Amino acid sequence: MPKTPETGAQILRRAARRRIRPLLGGAGALSVWQVCEALVPVAIGFIVDRAIIPLSIPALVISIIGLGLLFTVLSLGYRFGARLCNSAREHEAHALRVEITHAALTAPSLPADRTSGEVLSIASAEADTAAASFQQAGRGIASVLGMITAAVFLLIADPVTGLVVLIAVPIGLIVVALPGRSVSARATAQLEAVASAGRSASDLMHGLRVIKAMGGEPWAVRRYRATSDAAAEAGVATGERTGRLAGLGALVMSAVLAIVLIVAGLRLIDGQMSVGALIGILGMTAFLTEPMRALADIVGLFAQSHGAAERIARLLTSIDAEAGTGDATDTSAEAAPTTRDAADIRPRVTTTESGITITGWPTTAESRALTTAGGALTCIVSDDAEDAARLLAELTSHARSLGPARMLVAPHDVDLFEGTIGSNITMVVADDSANTDDRTDTADHSPISAEVLTASGVDELLDLVDGGLGCRIQELGGNLSGGQRQRVALARALNADPQILVLAEPTTAVDAVTEARIAHGLSRLRSRRGDQVTIILTSSPAFLAAADTVVYRPTSGPLLLGRHADLLETDTDSAEAYRDAVTR
């Protein structure tokens, strides 16, 4: 697997390598355009000397045809150069978006300091900004070649003037490039502030119904105004630095042009150049303003692209580090390390054809191997929330490596998507090859068994909504209650029919009667095949009663294993803690 770039510069270099053909083609075509533009004043000066002053009609006709051909090549060069650079930009932006999305979707979990809203911002705005470097590179190369063409002409037309240009222009470019790092730092800070504002907006929109119900609109407005103001201030700071850079570029380039014009004027007064040469030099001097100002602007724009690429690199590196930590635990030695703190030791999950085994949990001296065989329903109750979260994270990481057909971990948080109840359960989009314009009643999901609908309690939900499985679900499931959303999410997990299924508190928003019905239906559905393993992290009495084995992790002391009824009747301190934990 290719190594993930760790810096913004590595991101941009990798992008240039994999888009080298369109980049070189675009830069070449744009260079032809810029060189042709540089030759326009040369051609006009030539026409003045060879056709207009001598009053030669044939030379004038030939000159006009030649000028037309020059403009034709100029136009085509820009057309194809811009097309190639834009193509490289769009393809690279798409590749970066796919890479970021793939990393976020395939990682066991996002880093603690990253949210989905921030990842979305980086995958959209930052990817586009970083890929814009292709336009800047193509235009920058073309501008440099245009300036070299101008300098060569000036050296030929008048060596003194050309030498002034060759000395003054590089000095001017160095002066303009110096503040580039400052602009890049400001641009990075702006992007981070914008991402923070987007994260805040996403968070507030996610809980909009609760905010309105509790009358929290003023609090929400104050919270978002603070993050939005910070983003605005960062944007102003970036704009200020970019504006100063543009102003410095204009000042430096104007000074260079003034020096060139003064030298050319003095040479004309001395009679050391013709009228046509003077026109060519004046035109070339005027032409120089375009590539010089373009280069000044490109420095600021490239600094912004570098800042965006830096944020992309940080995100990818942090996701890799998060995933790498989990991978490292899978390949660790069997013996428990003695130099690490016990709280840093992660559980280890291994799967076989007949079941799943968890070792090293809880992360204390009282840990023991937990094995769940096929056809069994195991419930895990933990008094230590951190230990339970650590176990769930490790199960999730292991499931990622196996694939959803082999092992699936359904988190407690429910995410539903715009579509229908059926499409959210099957997670299958309608066939794109079908004619969707004429298809109004065709189901947008594959068949769902009645057993899945019954076991998840969705069958009762379908009696309450219009359209059954075809009932439309709004964004984030906003038109469903919390319990209804949990039922749909549970049906989605059951419909996937993995060999190993792990659930985390799947029915906390469901009433007790419905929960008992779901627990019974889930146990019957998952036990019909002797090789399917089901693990539920829950303290629900309904699921505990339906479980073949209950594992209780007390705050201190050894694990308790047994059936729910047996653990309730056991007369020990741990059993007393278990009764307190599960009694509702």
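What you are looking at is a predicted structure, and each value in this text was computed from that prediction instead of being measured.
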Check: [X]/[Y] side-chain N/O donor and acceptor closer than 3.5 Å:
X	Y	answer
Thr538	Glu505	yes
Glu310	Thr7	no
Thr371	Thr357	yes

Mind checking the [atom1]-[atom2] spacing from [X] to [Y]? Nearest 0.5 Å is all I need.
X	Y	atom1	atom2	result
Leu503	Leu537	CG	CG	9.0 Å
Ser540	Glu515	OG	CD	3.0 Å
Ile100	Glu126	CD1	CD	8.0 Å
Gln190	Thr129	CD	OG1	9.0 Å
Leu567	Ser574	CG	OG	10.0 Å
Arg311	Ile11	CZ	CD1	13.0 Å

Sidechain-backbone polar pair: [X] side chain, [Y] backbone, donor-acceptor under 3.5 Å:
X	Y	result
Ser318	Leu315	yes
Arg579	Thr570	yes
Trp361	Asp387	yes
Gln532	Ile500	no
Thr227	Tyr224	yes
His520	Ala516	no
Thr317	Ala313	yes
Glu90	Asn86	no
Ser527	Ser523	yes
Arg485	Leu480	yes

Run the side-chain contact (heavy atoms from CB on, under 4.5 Å) test against [X] and tell me which residues pass, sequence neighbours left out.
X	result
Ala491	Ile425, Val452, Ser456, Val458
Asp229	Arg225
Ala496	Leu408, Pro498
Arg223	Ser200, Asp203, Leu204, Trp219

Compare every heavy atom of [Y] with every heavy atom of [X], then report the nearest pair and how far apart it is.
X	Y	value
Ile356	Met407	CD1-CE, 3.8 Å
Gly468	Ile421	O-CD1, 3.9 Å
Ala130	Leu12	O-CD2, 3.8 Å
Val510	Ile518	CG1-CD1, 4.3 Å
Ala123	Ala127	O-CB, 3.5 Å
Pro447	Asn495	O-OD1, 4.4 Å

*salt bridge (Lys or Arg N to Asp or Glu O under 4.0 Å) between Arg487 and Glu460, intermediate numbers included*: CA-CA 10 Å; Arg487 292 191 228 180; Glu460 291 183 349; 3.6 Å; yes
_Measuring only between side-chain heavy atoms, which start at C-beta, is Asn424 closer than 4.5 Å to Arg492?_
yes
_Quick one, Glu6 and Arg314 - any side-chain contact, counting heavy atoms below 4.5 Å?_
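No; the side chains remain at least 4.5 Å from each other.
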Suppose we screen for salt bridge (charged side-chain N to carboxylate O under 4.0 Å, His left out). Which residues come up paired with [X], at least two apart in sequence or across chains?
X	value
Asp566	none
Asp531	Arg529
Arg19	Glu92

*May I ask you to say whether Asp459 pairs ionically with Arg517, meaning some side-chain N is under 4.0 Å from a carboxylate O?*
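Arg517 and Asp459: salt-bridged.
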*Salt bridge Arg553-Asp383, side-chain N to carboxylate O under 4.0 Å*: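 No, this pair does not count.
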_Does atom CD (Glu576) have a neighbourhood of more than 12 heavy atoms from anything else shown, all under 6.0 Å?_
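Yes, enclosed.
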_Are more than 12 heavy atoms, taken from residues, nucleotides or ligands other than Asp463, located less than 6.0 Å from that residue's CG atom?_
yes
*Quick one: list whatever passes ring pair (Phe, Tyr, Trp, His ring centres under 6.0 Å) with Tyr578, sequence neighbours left out.*
Tyr552, His564
*Criterion side-chain contact (heavy atoms from CB on, under 4.5 Å) on Leu377 and Arg526, from CA distance to verdict*: CA-CA 8 Å; Leu377 170 60; Arg526 294 289 296 175; over 6 Å; no
*Does any pair with a residue in residues 403-412 pass salt bridge (Lys or Arg N to Asp or Glu O under 4.0 Å), and if so which ones, sequence neighbours excluded?*
none
*Using side-chain contact (heavy atoms from CB on, under 4.5 Å) as the criterion, point out the one residue from Ile380, Val502, Val381, Leu522 that pairs with Ile536.*
Leu522
*Chi angles and distances behind the side-chain contact (heavy atoms from CB on, under 4.5 Å) call for Leu96, Asp128*: CA-CA 9 Å; Leu96 288 174; Asp128 288 337; over 6 Å; no
*Can you check side-chain contact (heavy atoms from CB on, under 4.5 Å) on Arg390 and Asp384, steps first, answer last?*
CA-CA 10 Å; Arg390 191 177 293 113; Asp384 190 322; over 6 Å; no
*asked:* Is there a side-chain contact (heavy atoms from CB on, under 4.5 Å) between Leu392 and Val409? Walk through the geometry before answering.
replied: CA-CA 8 Å; Leu392 186 62; Val409 178; 3.8 Å; yes
[X]: what forms a side chain to side chain donor-acceptor pair (under 3.5 Å) with it, not counting sequence neighbours?
X	value
His102	none
Thr372	Thr378
Ser133	none

